[in-house]
Each structure stands twice: as structure tokens, then as C-alpha cells.
Chemist: 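What follows is a single structure, and I will ask about it in a moment.
This chain uses plain numbering: 1 for the first residue, then up along the sequence.
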Amino acid sequence: MFRYTDIRKEDRVVMESIAGEMKRQEEGLEMIASENYASKAVMEALGTVFTNKYSEGYPGRRYYGGQEFTDIVETIAIERAKKLFGADHANVQPLSGAAANMAAYAALLVPGDTVLGMDLSHGGHLTHGHPVTFPASIFRFVRYRTEADGTIDYRKLGELAREEKPKLLLAGFSSYTREIDYRKFTAIGKKIGAVTMMDMAHIAGLVAGKALPNPVEFFDVVTTTTHKTLRGPRGGMILCREPFAKAIDKAVFPGVQGGPHMNVIAAKAVAFGEALRPSFKKYAAHVLENARVLEEAFRAHGFHLLFGGTENHMILVDVWSTLGISGKEAETLLDSIGITVNKNIIPDDSRSAVDPSGIRIGVPAVTTRGMRSREMRLIAKWMDGALRSKGDASILRPLNAEVKALCKKFPLYRSSSS
Ligand code: DSN
């Protein structure tokens, strides 16, 4: 599908990497929970002349001339985002999820303010104030944790909130596999007078596809990436209630960012248009169904699943307690048969973050390829085989051949996505 005529001529070395990555994606099963395959139309928008244009400011009030088309395309992206999520206001300029969160903090907090967010090992995200991040040097982050059965105890969360008096009550996650009760969560925020924010990066596509409840109906501010389940270009976005709109826009630009990437904004507009179509609802439903089938199959193979299973697109497996191998070893074994996952910390992990006890597995990308229940059961069987192989090449090699054969039946960028 991609011709690459010029880059092939001009820069052979870079072209080799592009071709290598294309082959890797074609011949392997992408099961990193945060990854997906953007459509050809999204990719085409990324490779347009909008990449040449500086557009500091917002539609109708820019700092540079020549904005008649950037204004149109950014307005389309904004209007589609608002429609997709039922939001009062959308800022489509954040360069990534981390930048969106940084801008939201800048809009809502002053240095020294307290934020109550989910502990990283319990499913939270680095940008929710992990000590190694820059926001953690500016604001005071306090953590809530999940219970042994994987749920959040909202009574305990309420008590912690009353004690710590956060200015911002933060929901959202990167490896938590259960639903959050938005009503209970935001009621706590209201009671203590905190602003409520949800980072829905992982589940934005499932929300857009109406497979999961919509946090925009409950939270003051909602941040997201646009490339995970939402299947757009790599980037971020902030949705908020009207009273926060001005502060959010000011915090994104000129607060923490300069010129927006207009080619990415054009691609966001295309992706939001795709997500508004009925076929995207089907996709979101299939993602949830595939995750449930994979969960069942993993249980049948005797895997220990964290948080008591899954209610979204991802599953966290404790490979250390199940098989006596680390997350890193599991990631390498699966890589060797062409299944890409990531090692992941688990609640109160006894091992280090660089070689933790778990792996995180997601189905958004394989679902985009058109795979369904039958394929999920095969994948679980192959993963089980690889993880128990002790690195034996005579077991791994045939499994890799099976993975490649399956991928051939679900080609990338040739047929239309599900
Ligand atoms: N890297 C993303 C993830 O994998 O969840 C979030 O930053």
C-alpha cells in the first residue's frame, strides 16, 4: 500500500528500518495494550504539507499568517472530538498523553498543591506523579491503591481524600484492568471540593465506541492519547467542562507547548471521523469480547490474572507466581515467537520495575486486524507453550511459524480494518 518512492531513493538506511518495522508488524501479533494500527487515511493525513506549517494559537487567533486551512482542519478535529465524547470543550493540540496531563496540571494547580492519584504498581501511570517525573517535583502526589480482589474501595478512598485534601482527584490508569465507578469517584471529589480529572488514554476508543461508560459525563477534565484504543495518530487531547476551557487552552499554549503539529491534528480529525462511524462501535465491542475470551483461555491454562480479571481491553498476568519466570523473561520468550507484549509491574511487586513479575497483554491491535474468539484461544495456547518452553528452540520455532501463518490470514493495510 505504501509506495515510499522518494525515501527509497533518498535515504536507503532509514528506508531499511521502515521496511523492517513494516515486516515486523505484518508478521507478528501486536499485543502491547497501548498499541494499535492507524488506518491508511490517518497515515496519509500524517504525511501531508501540514507538517510544514507553524500555527501557534487557536483557530481564528494565531500568531502566524497563512492559517486558512489549519483553522479549518483544527476546527473539524475539535468539533468531531466534542461530538464523539459529548464534551463542552476540546483541545486537540497536546503532543502526547504526558503533555496533556502536564498541561492539565498547569491549568488546575499551583506549585505545592496536592493530587490524589492511583499508585503506579496498582495500575496507575508514570505521569500521575511518579517520583521520577517532573510534575512530582512541583506538586505533592498522594497515592490510592486497589484492594486484594482488584477493586477500588471508595469508602477508603473517601477517607484518604478527606485526610489529604487534594486539590485534584485523579482517576485513570495504564495497567488497571477493571472499570472505575465514575459516579462514586467524582462524588468524593465534589464532597471535598476537589477538581476531578480522568486520564482515559487506554480506554478512549472503548468509550468512543460506547462499549464502556463515558467519563466525560462525570469528570471536570478528561485527558487522553489518540493512538491507543482510539486508533488515531500518536498524540494527546484534553476534554473539559466549559468553566475550565480557558485555563486548559492557556496551559496547553503558551503554557507548556509551542507550535502544534498540524499534520497530526489533521490525522486526529480523520481518526475522530472514523470513530464516529457505526463500524467503530462494532470494533469496540469486539475488543471487549476478545479480551474476555483471552481471559477465559488464560484461566484455563492456569495463569494468575491480576485485579481479578478484565473489564476492558487488557489483562495483567503474574508470570512470576504462575511460572517462576520474570516479566522480562516472559517478554523475551513471547518476542521469540512473534508475540509482542510488555513486562509490567504488578501491585506491590516484590521484583524491580526493570524486571517485574508481570506482563501486560492487550487486544486492540489484533482486533483491528479482524481476529476474534477462535484466534484468541489459539494465541493463549501459543503463549502458554512459549512461556512454559524454558527457551527450548524446538518448541519455540514451530510456534513462531504458527504465529506467522495466522498473521498472513489477517494482512495489515490491505483489507479494511474491522
Ligand atoms: N506507554 C503507554 C502505555 O503503554 O500504557 C502509556 O504511557
Side-chain angles (χ1 to χ4, degrees), residues 1-4 6-7 17-19 21-26 30 32-53 55 69-70 72-85 90-97 99-100 200-209 211 223-239 260-284 286-287 313 362-371 410-418:
M1 105 174 228
F2 302 107
R3 293 176 50 218
Y4 303 118
D6 286 64
I7 194 166
S17 287
I18 295 170
E21 178 60 16
M22 186 67 215
K23 188 164 148 58
R24 191 193 70 79
Q25 292 192 14
E26 279 267 4
E30 187 50 73
I32 289 181
S34 47
E35 295 188 12
N36 212 331
Y37 304 110
S39 70
K40 292 183 206 173
V42 165
M43 298 243 200
E44 282 174 5
L46 282 170
T48 57
V49 286
F50 277 125
T51 202
N52 300 330
K53 188 70 195 125
S55 313
F69 299 106
T70 55
I72 291 172
V73 85
E74 185 167 350
T75 303
I76 293 172
I78 290 168
E79 290 310 316
R80 287 182 182 171
K82 283 163 62 177
K83 186 165 174 204
L84 199 50
F85 295 101
N91 186 308
V92 297
Q93 293 194 4
L95 303 176
S96 69
M200 67 163 179
H202 262 270
I203 56 165
L206 306 178
V207 173
T223 58
T224 187
T225 52
T226 48
H227 50 272
K228 295 187 174 86
T229 46
L230 192 49
R231 219 163 58 178
R234 305 198 77 79
M237 171 164 73
I238 305 177
L239 306 166
H261 296 180
M262 289 314 300
N263 57 325
V264 181
I265 288 175
K268 285 175 186 173
V270 173
F272 300 159
E274 291 173 353
L276 281 163
R277 291 187 197 138
S279 58
F280 199 81
K281 266 199 193 132
K282 252 196 222 160
Y283 166 69
H286 289 166
V287 168
H313 59 295
V363 298
V366 290
T367 308
T368 293
R369 261 180 120 139
M371 296 184 190
F410 294 88
L412 270 180
Y413 298 115
R414 271 180 232 144
S415 58
S416 59
S417 10
S418 85

Chemist: With sequence neighbours excluded, tell me which residues meet side chain to side chain donor-acceptor pair (under 3.5 Å) with Thr223.
Modeler: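 Expected list: Asn101.
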
Chemist: Checking Thr368 side chain against Pro364 main chain: does a donor-acceptor pair fall under 3.5 Å?
Modeler: yes

Chemist: I would like to know whether Leu412 and Arg369 meet side chain to side chain contact (heavy atoms under 4.5 Å, CB included); could you show each step before the answer?
Modeler: CA-CA 7 Å; Leu412 270 180; Arg369 261 180 120 139; 3.9 Å; yes

Chemist: If the condition is ring-ring contact (aromatic ring centres under 6.0 Å, His included), which residues does His202 pass it with, not counting sequence neighbours?
Modeler: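 Expected list: His313.
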
Chemist: With rounding to the nearest 0.5 angstrom, report the CG to CD1 distance, Asn91 to Ile78.
Modeler: 7.0 Å

Chemist: For the atom pair CZ (Arg234) and CG (Leu95), what is the distance rounded to the nearest 0.5 Å?
Modeler: 12.5 Å

Chemist: Examine distances only and state if a side-chain atom of Tyr413 and a backbone atom of Glu26 form a donor-acceptor pair shorter than 3.5 Å.
Modeler: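 No, the answer is negative, given that no donor and acceptor are paired below the 3.5 Å cut-off.
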
Chemist: Below 4.5 Å, heavy atoms only, C-beta onward: do Lys53 and Phe69 meet side chain to side chain?
Modeler: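 No, too far: nothing below the 4.5 Å cut-off.
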
Chemist: At their closest point, which heavy atom of Phe280 faces which heavy atom of Ala208, and how far apart are they?
Modeler: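 Smallest interatomic distance, heavy atoms only, reads CE2-CB, 4.2 Å.
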
Chemist: Under the rule for ring-ring contact (aromatic ring centres under 6.0 Å, His included), what residues qualify as partners of Tyr4, not counting sequence neighbours?
Modeler: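 With neighbours one apart ignored, the set is Phe2.
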
Chemist: For Glu35, check side chain to side chain donor-acceptor pair (under 3.5 Å) against everything at least two apart and list the hits.
Modeler: none

Chemist: Please report the closest heavy-atom contact between Lys83 and Leu276, naming both atoms and the distance.
Modeler: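 Closest approach of Lys83 to Leu276: CG-CD2, 4.1 Å.
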
Chemist: Nearest 0.5 Å, please: how far is CE in Met22 from OG in Ser17?
Modeler: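 The OG atom of Ser17 sits 14.5 Å away from the CE atom of Met22.
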
Chemist: Heavy atoms, side chains only, cut-off 4.5 Å: are Gln93 and Glu74 in contact?
Modeler: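 SC-SC contact between Gln93 and Glu74 confirmed.
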
Chemist: For Arg231 versus Tyr37, what's the shortest heavy-atom pair and its separation?
Modeler: CG-O, 3.3 Å

Chemist: How close do Ala284 and Gly205 get, heavy atom to heavy atom, and via which atoms?
Modeler: CB-O, 4.0 Å

Chemist: Please give me the minimum heavy-atom distance between Tyr283 and Thr229, naming the atom from each residue.
Modeler: CE2-O, 3.7 Å

Chemist: Examine distances only and state if a side-chain atom of Thr226 and a backbone atom of Pro233 form a donor-acceptor pair shorter than 3.5 Å.
Modeler: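 Between the backbone of Pro233 and the side chain of Thr226 there is a qualifying donor-acceptor contact (under 3.5 Å).
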
Chemist: With distance as the sole test, does Thr225 use its side chain to make a donor-acceptor pair with the main-chain N or O of Gly97 at under 3.5 Å?
Modeler: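 No; judged by distance alone, with no hydrogens or angles, the pair does not exist.
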
Chemist: Indicate every side-chain donor-acceptor pair of residues 263-273 with a distance under 3.5 Å to a residue at least two apart or in another chain.
Modeler:
residue, atom, partner, partner atom, Å
Asn263, ND2, Leu46, O, 3.0
Lys268, NZ, Val92, O, 2.7
Lys268, NZ, Pro94, O, 3.1
Lys268, NZ, Gly236, O, 2.7

Chemist: With a 4.5 Å limit on heavy-atom distance, are the side chains of Ser39 and Glu274 in contact?
Modeler: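 Yes, at least one pair of side-chain atoms sits under 4.5 Å.
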
Chemist: I need the minimum non-hydrogen distance between Ala275 and Leu230, along with the two atoms involved.
Modeler: CB-CD1, 4.1 Å

Chemist: With a cut-off of 6.0 Å (strictly less than), are more than 12 heavy atoms of other residues, nucleotides or ligands near NZ of Lys82?
Modeler: yes

Chemist: Is there a side-chain contact between Lys228 and Met200 (heavy atoms, below 4.5 Å)?
Modeler: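 Lys228 does not reach Met200 side chain to side chain.
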
Chemist: I'd like to check the side chain to side chain donor-acceptor pair (under 3.5 Å) partners of Ser96; sequence neighbours left out, ordered by chain and number.
Modeler: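 In terms of side chain to side chain donor-acceptor pair (under 3.5 Å), with neighbours along the sequence ignored, Ser96 is linked to no residue.
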
